[in-house]
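So the structure is just underneath, and the comments pick up after that.
Numbered from 1 within each chain, the chains take letters A, B, ... in sequence-line order. Any value given below was found using the heavy atoms of this structure, including those in side chains, with hydrogens, waters and symmetry copies removed.
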There are 2 protein chains.
Amino acid sequence: MSNLKVRVDKKLLERTAYVLKCVAHPVRISIIDLLEQREQLTVSQLQEVLRIEQSLLSHHLTNMRDKGIVETRREGKHVFYFLTDTSISNIIDCIKGCKAVR
Amino acid sequence: MSNLKVRVDKKLLERTAYVLKCVAHPVRISIIDLLEQREQLTVSQLQEVLRIEQSLLSHHLTNMRDKGIVETRREGKHVFYFLTDTSISNIIDCIKGCKAVR
DNA sequence: CTAATACATGAACATGTATTCATGTGATGT
DNA sequence: ACATCACATGAATACATGTTCATGTATTAG
């Protein structure tokens, strides 16, 4: 009604939903949480903590990289993953504080 | 590796992902944005701004209510929707500020 | 009581996402 | 060169989600 309207531009809205959808998964939230603690971690290190199949983890990581949430650096046989922007982890703290979650 | 572990309990992790997944949709983000501006809105009012089918909107709203993001109050023929916790909109501001989105 | 308004619901279908399994690729050690 | 380690990829399958359409229910007006 009247002068009410969505204050977010449609393109940004879709991009926001797109990235958020990627965050919205237990394994991927865990990865963000771990990368907030360690700066960078290899796939094997993540695997050891998360205890999931290597292939599944790799798919999740590729997914997160496609969305720009993480980036990679290769060092010999190892590939290190790190957060593109550590402020992504604020989202998790944010939602953990919401009534809907508690 | 050493004493590294996910700092979020498994149950909370799943709940967080579950609620986040619900936020992660352009229409539902828009609804949150509108309800941040107006305190409460009827389905028709939302429909007028969003310009989507009544049925689709209703499904989205039911979805959001199931997840505890919104609540309802009936007043005559109208059903008002309002945010359970306005701090949910912080998430959207949060992610909009992230590199991955811009 | 009947019709209209405002909203909800269920089934069907389309589309998207998660997971597994098998296999591929790049780097290193021998 | 070959084996091994660390990781990536693709196809297949299973599962979840979004959307539409038809229909149902609650409330009010006449």
Nearest-nucleotide check on DNA chain C, A/G76 vs A/L56; residue mapping nearer the 5' end is A/L56

Hey, what do you get for NE2 (B/H25) to CG (A/L13), rounding to the nearest 0.5 Å?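 Result: 9.5 Å between the selected atoms.
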
Kindly give the heavy-atom pair with the smallest separation between A/K5 and B/V49, and that separation in Å. CA-CG1, 3.9 Å

With heavy atoms under 4.0 Å as the rule, sort B/F80 into base, sugar-phosphate or nothing.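 Nothing, no nucleic acid heavy atom in range.
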
Nearest whole angstrom, please: distance from the [atom2] of [N] to the [atom1] of [X].
X	N	atom1	atom2	answer
B/L57	C/dT9	CG	C1'	14 Å
B/H60	C/dA8	NE2	C1'	15 Å
B/I52	D/dT19	CD1	P	8 Å
B/E75	D/dT28	CD	P	10 Å
A/M64	D/dA8	CE	C1'	17 Å
B/E14	D/dA16	CD	P	12 Å
B/K67	D/dA16	NZ	P	12 Å
B/I29	D/dG18	CD1	P	12 Å

Please determine, for the side chain of [X], which listed nucleotide ([options]) has the closest atom?
X	options	result
A/R74	C/dA27, C/dA8, D/dT9	C/dA27
B/Q54	D/dT27, D/dA8, C/dA8	C/dA8
A/V43	D/dA8, C/dT19, D/dT20	D/dA8
B/K77	C/dT5, C/dA8, D/dT19	C/dT5
B/S55	D/dT9, C/dT19, D/dC21	D/dC21
B/S58	D/dA6, C/dA8, D/dT9	C/dA8

With a distance cut-off below 6.0 Å to the six-membered ring centre and an angular limit of 45° from the axis, does B/R73 pair with B/F82 as a cation-pi contact?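 So B/R73 does make the cation-pi contact.
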
Distance test, side-chain N/O of A/H78 to OP1/OP2 of D/dC5, below 4.0 Å: no

Indicate yes or no for a side-chain donor-acceptor contact from A/R15 to the backbone of B/A100 under 3.5 Å, with no hydrogens or angles considered. yes

Is the backbone N or O of A/T42 less than 3.5 Å from a side-chain atom of A/Q45, with the two atoms forming a donor-acceptor pair by type? yes

Check the hydrophobic clustering (I, L, V, M, F, W, Y; side-chain heavy atoms under 4.5 Å; chains of links allowed) and say if A/V19 and A/V8 are grouped together. yes

Hey, which of B/V70, B/L35, B/I32 is the one that makes side chain to side chain contact (heavy atoms under 4.5 Å, CB included) with B/I88?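 Only one of B/V70, B/L35, B/I32 forms a side chain to side chain contact (heavy atoms under 4.5 Å, CB included) with B/I88, namely B/I32.
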
Protein-nucleotides 11-17 of chain C N/O pairs closer than 3.5 Å?
| unit_1 | atom_1 | unit_2 | atom_2 | d |
| --- | --- | --- | --- | --- |
| C/dT17 | OP1 | A/K21 | NZ | 3.2 |

